Amino acid sequence: MLYDLDKYYIRADAEPELNRLVQFMKDNPGIHIEISSHTDSRGSNAYNKTLSQNRASAARDYIASQGIDANRVVGIGYGETRLLNRCADGIECSAAEHQINRRTEMKVICPE
């Protein structure tokens, strides 16, 4: 699931993926999900930490709005600390390269 620069709203192209996750959670009521959201390296570390937390919260809110108990979803914003490519501070990168880092990932947490 990807985001536009400096935005945290859920894009239309992300809704089908989130809807599949919602259905998976409905089909498996014992599981929990960790949502980890990330930014590209543009912006300050503090700004990116807040932006990524807003992204995680937006994804969590979307899932909850579809009937999933919000307590089953943990959202963590990592800012720019987990880049998927070389596009760190001070490195010139294309818009497409930066886009790769503006993402949310989901991890299933199985019951014990």
Side-chain angles (χ1 to χ4, degrees):
M1 191 168 98
L2 301 174
Y3 297 88
D4 294 331
L5 179 64
D6 291 329
K7 305 293 185 216
Y8 59 88
Y9 63 86
I10 303 300
R11 295 183 346 189
D13 63 345
E15 288 183 14
E17 186 175 345
L18 284 172
N19 290 337
R20 281 191 297 276
L21 177 62
V22 166
Q23 188 59 54
F24 176 76
M25 293 183 78
K26 286 179 178 178
D27 293 343
N28 299 278
I31 66 151
H32 290 69
I33 299 293
E34 178 183 301
I35 294 174
S36 58
S37 293
H38 310 271
T39 66
D40 62 33
S41 62
R42 295 175 287 183
S44 70
N45 288 337
Y47 174 81
N48 285 335
K49 178 73 171 157
T50 299
L51 178 59
S52 65
Q53 188 59 56
N54 287 341
R55 289 174 176 172
S57 295
R60 181 177 185 260
D61 291 347
Y62 180 91
I63 292 166
S65 77
Q66 302 302 305
I68 301 298
D69 184 343
N71 291 324
R72 294 176 59 199
V73 184
V74 175
I76 303 171
Y78 288 96
E80 62 182 89
T81 62
R82 296 184 177 182
L83 300 175
L84 294 178
N85 56 25
R86 64 183 182 82
C87 298
D89 289 339
I91 305 293
E92 188 171 328
C93 291
S94 69
E97 289 173 310
H98 282 299
Q99 174 69 92
I100 291 167
N101 292 314
R102 295 191 311 267
R103 70 197 188 280
T104 288
E105 300 169 334
M106 295 82 154
K107 178 171 64 172
V108 175
I109 303 170
C110 295
E112 296 180 24

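As the structure is a computational prediction, the values presented were derived from the model and not from experiment.
Interatomic distance, Ile91 CD1 to Asn85 CG, rounded to the nearest 0.5 Å: 10.5 Å. To the nearest 0.5 Å, atom OG of residue Ser36 and atom CZ of residue Arg103 are 7.0 Å apart. Summarising the geometry, atom OG1 belonging to Thr39 is positioned 10.0 Å from atom CZ belonging to Arg42; distances are rounded to the nearest 0.5 Å. The line from CG of Leu2 to CZ of Arg11 is 5.5 Å long, rounded to the nearest 0.5 Å. The CE atom of Met1 sits 6.0 Å away from the OG atom of Ser37 when rounded to the nearest 0.5 Å.
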Begin from the C-alpha positions of Ile33 and Arg72 and carry the test side chain to side chain contact (heavy atoms under 4.5 Å, CB included) through to its verdict. CA-CA 6 Å; Ile33 299 293; Arg72 294 176 59 199; over 6 Å; no
Using the rule given for side chain to side chain contact (heavy atoms under 4.5 Å, CB included), can you reason through Asp40 versus Arg102, listing the C-alpha separation, both sets of side-chain angles and the distance that settles it, and then say yes or no? CA-CA 5 Å; Asp40 62 33; Arg102 295 191 311 267; 2.9 Å; yes
Test log, rule side chain to side chain contact (heavy atoms under 4.5 Å, CB included), inputs Ser41 and His98: CA-CA 8 Å; Ser41 62; His98 282 299; 3.9 Å; yes
Trace of the side chain to side chain contact (heavy atoms under 4.5 Å, CB included) decision for Asp6 with Tyr47: CA-CA 10 Å; Asp6 291 329; Tyr47 174 81; 3.1 Å; yes
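Applying the side chain to side chain donor-acceptor pair (under 3.5 Å) test to pairs two or more places apart or on separate chains, those with a residue in residues 54-70 are Asn19-Tyr62, Asp69-Asn71.
Applying the 4.5 Å side-chain rule to ILVMFWY residues, one finds Leu84 in the same cluster as Ile100.
Contact record, His38 with Asn101: CB-O, 3.4 Å, taken as the closest heavy-atom pair. Between Ile10 and Ala14, the closest heavy-atom pair is CG2-CB, 4.1 Å. When all heavy atoms of Ala56 and Ile35 are compared, the pair lying nearest together is CA-CG2, 4.1 Å.
Under 3.5 Å, the side chains of Tyr3 and Thr104 contain a donor-acceptor pair of N or O atoms.
Side-chain heavy atoms closer than 4.5 Å link hydrophobic residues (I, L, V, M, F, W, Y) into clusters, and following such links, possibly through other members, connects Ile31 to Val22. Transitive grouping of hydrophobic side chains (ILVMFWY, heavy atoms separated by less than 4.5 Å) brings Ile68 and Phe24 into a common cluster.
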Throw together a table of side-chain donor-acceptor distances under 3.5 angstrom for residues 73-81, partners on residues two or more places apart or in other chains.
unit_1	atom_1	unit_2	atom_2	d
Glu80	OE1	Asn48	ND2	2.6
Thr81	OG1	Tyr78	O	2.7

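Under a 4.0 Å N-O distance rule, the pair Glu105/Lys107 does not qualify as a salt bridge.
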